[in-house]
A.B. asks: 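The structure is given below, and queries will be raised subsequently.
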Amino acid sequence: MEFSLEEEHEMIRDSAREYAERVLKPESPEWDRVESLSDEGLAAAAEAGFMGLTTPEENGGAGLGNLHACLMLEEINRWDAGMGVTLSVHNSLVCSLLVRHGSQDQRDRWLPRLASGELLGAYCLTEPQAGSDAAAIKCRAEKVEGGWKLTGTKAWVTSGDRAGLYVVYAVTDPEARKGYGIGTFLVPATADGLRPGKKEEKMGIRSSTTTEVLLEDVFVPDEDLVGDPLGGFKIALDALDGGRLGIASQALGIHRACLEDSIRYAKERQQFGKPIAEFQAIAWKLADMATALEASRLLVHRAAWLRDQGEPCTKECSMAKLAASRACNDAAQDAVQIHGGAGYTTEFRVEKYFRDARITEIYEGATDIQRLVISRKILR
Ligand code: CAA
């Protein structure tokens, strides 16, 4: 049994930390205010190799694993959770999906452009009436000569207004039993009939844009259907195992931000003649936050390691997300409390961490969906 990171893991973590402190730390408050990442910030992430981390070297990526991606994402989310989810969706739900399920031709055509950052990836599964019940999607893919015609409305799409390539799920056989007549399609932003719809005004992760994506008779050639035309739902769920690791890593990053800022504040802030860190009421909160962070990290790293070994890991990915997102929200609550009135203002970043933390228990499978996945596995 080995608990220490390999040199390559440490290199990725250190380079993500350097990028995050140089680019995200100064820019994050402004991006939060204007509700957008800058093109320069994304370009710098691509330049650092973070958009092709898990893409094979032959397709222009770094050829690394899920554990590397988790380490990178914790560092990015330490300073900007909007950039964190943007990179998580791009890497886990688009690039890794293509690596795991795409044909050689699809990998060769799309991955180099995704890995270089020329194209940002988006994942279009959810619809207004199909959130937790993802198999209930209605977006329709009709077979036509040489391909498929897609019509429908996708909701809550991360990077919906700036992606270059959309992974779109649509019903290929409405007569099939639920979850069995769904296809996975690759749709470039340039496709006629695809356009971003309403942009959500969000509480947190505001630098990442979230929009509807509207599809009206969008033609997708046969070569951009991924896998079996009826088997897309399993591809969606497999990709989400990896996506949940990304969101669990986001929770680690926000949790760490809460802890680090709270330690600094508790040592500086004086009340009753001494730093508040010297009161057990504060010190014990910090101890609990630090312990919960370590526990979450172990769950996340183990699940990522299992996925890298090609082992079944659905339950472990859900456990990692369930525990890390819950602990992150507790930490955000305590961080604001430790900062008192100051923590309720924009002068300190903990109010932003508090807003950002909330989404980790909602997207890529809400907390109760993780419990559903885990309970089905242990009761089977
Ligand atoms: N990998 C591969 N196959 C899987 C799987 C996995 N992880 N999990 C289940 N399957 C298989 C099942 O074995 C089953 O196949 P068989 O019938 O052949 O055994 C099939 O897929 C269907 O599975 P279920 O019967 O479990 O399906 P269900 O309809 O009961 O739904 C669910 C399961 C877990 C509730 C699922 O709908 C779910 O995860 N919902 C949450 C949706 C979600 O996470 N959405 C996130 C949207 S993306 C997003 O938020 C991105 C963003 O931009 C941030």
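In each ligand, atom 1 is the first atom listed, and ligand 1 is the first ligand listed. Bear in mind that the values here come from a model prediction, so they are computed numbers and not experimental data.
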A.B. asks: Where on Thr210 is there a heavy atom closer than 4.0 Å to ligand 1, on the side chain, on the backbone, on both, or on neither?
C.D. replies: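 Neither; no heavy atom under 4.0 Å.
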A.B. asks: Can you check side-chain contact (heavy atoms from CB on, under 4.5 Å) on Leu98 and Leu186, steps first, answer last?
C.D. replies: CA-CA 10 Å; Leu98 274 169; Leu186 304 173; 3.7 Å; yes
A.B. asks: Counting only heavy atoms on the protein side, is anything nearer than 4.0 Å to atom 2 (C) of ligand 1?
C.D. replies: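 Protein heavy atoms within 4.0 Å of atom 2 (C) of ligand 1 - there is at least one.
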A.B. asks: Counting non-hydrogen protein atoms only, what is the nearest one to atom 27 (O) of ligand 1? Give residue, atom name and distance.
C.D. replies: Phe233 CE2, 3.7 Å
A.B. asks: Quick test of your reading of the structure: of Arg244, Lys178, Arg376, whose heavy atom lies closest to atom 39 (O) of ligand 1?
C.D. replies: Arg244
A.B. asks: Give me the nearest non-hydrogen protein atom to atom 49 (C) of ligand 1 as residue plus atom name, then the distance to 0.1 Å.
C.D. replies: Glu364 CG, 3.6 Å
A.B. asks: Counting heavy atoms only, name the option from Ala135, Ser92, Cys124 that's nearest to atom 29 (O) of ligand 1.
C.D. replies: Ala135
A.B. asks: Under a 4.0 Å heavy-atom limit, does Thr126 contact ligand 1 with its side chain, its backbone, both, or neither?
C.D. replies: side chain
A.B. asks: To the nearest 0.1 Å, how far is atom 41 (C) of ligand 1 from its closest protein heavy atom, and which atom is that?
C.D. replies: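 Sorting protein heavy atoms by distance from atom 41 (C) of ligand 1 puts Ser132 O, 3.4 Å first.
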A.B. asks: Any protein heavy atom under 4.0 Å from atom 32 (C) of ligand 1?
C.D. replies: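 No, because not a single protein heavy atom sits under 4.0 Å from atom 32 (C) of ligand 1.
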A.B. asks: Centroid separation under 6.0 Å, is that true for the rings of Phe185 and Trp148?
C.D. replies: yes
A.B. asks: Any atoms of ligand 1 less than 4.0 Å from a non-hydrogen atom of Tyr123? List them with their elements.
C.D. replies: 48 (S)
A.B. asks: Among Gly131, Pro312, Ser318, which one has a heavy atom closest to atom 42 (C) of ligand 1?
C.D. replies: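 Going through Gly131, Pro312, Ser318 one by one, Gly131 has the nearest heavy atom to atom 42 (C) of ligand 1.
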A.B. asks: Does one hydrophobic cluster hold both Leu114 and Leu225, with members joined at side-chain heavy-atom distances below 4.5 Å?
C.D. replies: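 No, because Leu114 and Leu225 fall into different hydrophobic clusters, even though each may have its own neighbours under 4.5 Å.
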A.B. asks: Check the side chains of Ser96 and Thr54 for a donor-acceptor pair under 3.5 angstrom, ignoring hydrogens and angles.
C.D. replies: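 The criterion, which ignores hydrogens and geometry beyond distance, is satisfied for Ser96 and Thr54.
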A.B. asks: Tell me if a side-chain donor or acceptor on Glu127 pairs with a main-chain N or O of Cys139 at a distance below 3.5 Å.
C.D. replies: yes
A.B. asks: Would the number of heavy atoms belonging to other residues, nucleotides or ligands and lying under 6.0 Å from CD of Gln104 be above 12?
C.D. replies: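 Counting other residues, nucleotides and ligands, CD of Gln104 exceeds 12 neighbours.
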A.B. asks: So is Arg269 actually on top of Tyr265's ring, under 6.0 Å and inside 45° of the axis?
C.D. replies: no
A.B. asks: Can any side-chain N or O of Ser159 pair as donor or acceptor with the backbone N or O of Thr86 at less than 3.5 Å?
C.D. replies: no
A.B. asks: What are the atoms of ligand 1, with element, lying closer than 4.0 Å to any heavy atom of Leu372?
C.D. replies: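 So the answer, numbered in order with elements, is 35 (C).
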A.B. asks: Can a side-chain donor-acceptor contact be found between Thr210 and Lys202 if the only test is distance below 3.5 angstrom?
C.D. replies: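 Their side chains do contain a donor-acceptor pair, which is all the 3.5 Å distance test asks for.
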A.B. asks: Backbone, side chain, both or neither: what part of Ile247 comes under 4.0 angstrom of ligand 1, heavy atoms only?
C.D. replies: neither
A.B. asks: Please confirm whether the backbone N or O of Gly365 pairs with a side-chain atom of Lys321, one donor and one acceptor, at under 3.5 Å?
C.D. replies: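 At least one qualifying donor-acceptor pair exists.
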A.B. asks: Starting from atom 34 (C) of ligand 1, locate the nearest protein heavy atom and write down its residue, its atom name and how far away it is, to 0.1 Å.
C.D. replies: Val373 CG2, 3.7 Å
A.B. asks: If you measure from atom 8 (N) of ligand 1 to every heavy atom of Leu237, Asp133, Asp241, which option wins on shortest distance?
C.D. replies: Leu237
A.B. asks: Specify the protein heavy atom at minimum distance from atom 54 (C) of ligand 1: its residue, its atom name, and the distance to 0.1 Å.
C.D. replies: Thr158 OG1, 3.3 Å
A.B. asks: One thing to verify: whether Glu21 and Arg17 come together as a salt bridge, which I'm taking to mean a side-chain N less than 4.0 angstrom from a carboxylate O.
C.D. replies: no
A.B. asks: Judged by non-hydrogen atoms, does Ser159 sit under 4.0 Å from ligand 1?
C.D. replies: no
A.B. asks: With only distance considered, is Thr314 within less than 3.5 Å of ligand 1 through an N or O on each side?
C.D. replies: yes
A.B. asks: Could you tell me whether Arg206 and Asp32 have a side-chain N and a carboxylate O separated by less than 4.0 Å?
C.D. replies: yes
A.B. asks: Tell me: protein heavy atom nearest atom 11 (C) of ligand 1, and distance?
C.D. replies: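 For atom 11 (C) of ligand 1, the nearest protein heavy atom comes out as Lys234 CG, 4.0 Å.
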A.B. asks: With a 4.0 Å cut-off on N to O distance, would you call Arg256 and Glu74 a salt bridge?
C.D. replies: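 Yes, charged N to carboxylate O under 4.0 Å.
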A.B. asks: Checking Asp308 side chain against Leu67 main chain: does a donor-acceptor pair fall under 3.5 Å?
C.D. replies: yes
A.B. asks: In the protein, which heavy atom is nearest to atom 43 (C) of ligand 1, and how far is it?
C.D. replies: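 Result: Gly365 N, 3.7 Å.
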A.B. asks: So if I count the atoms of ligand 1 from 1 in the order they appear, which ones are less than 4.0 Å from some heavy atom of Ala134?
C.D. replies: 37 (O), 42 (C)
A.B. asks: Looking only at protein heavy atoms, identify the closest one to atom 17 (O) of ligand 1 and say how far it is in Å.
C.D. replies: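 Answer, as residue, atom name and distance: Tyr180 OH, 2.1 Å.
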A.B. asks: Protein non-hydrogen atoms only, distance under 4.0 Å: does atom 13 (O) of ligand 1 have such a neighbour?
C.D. replies: no
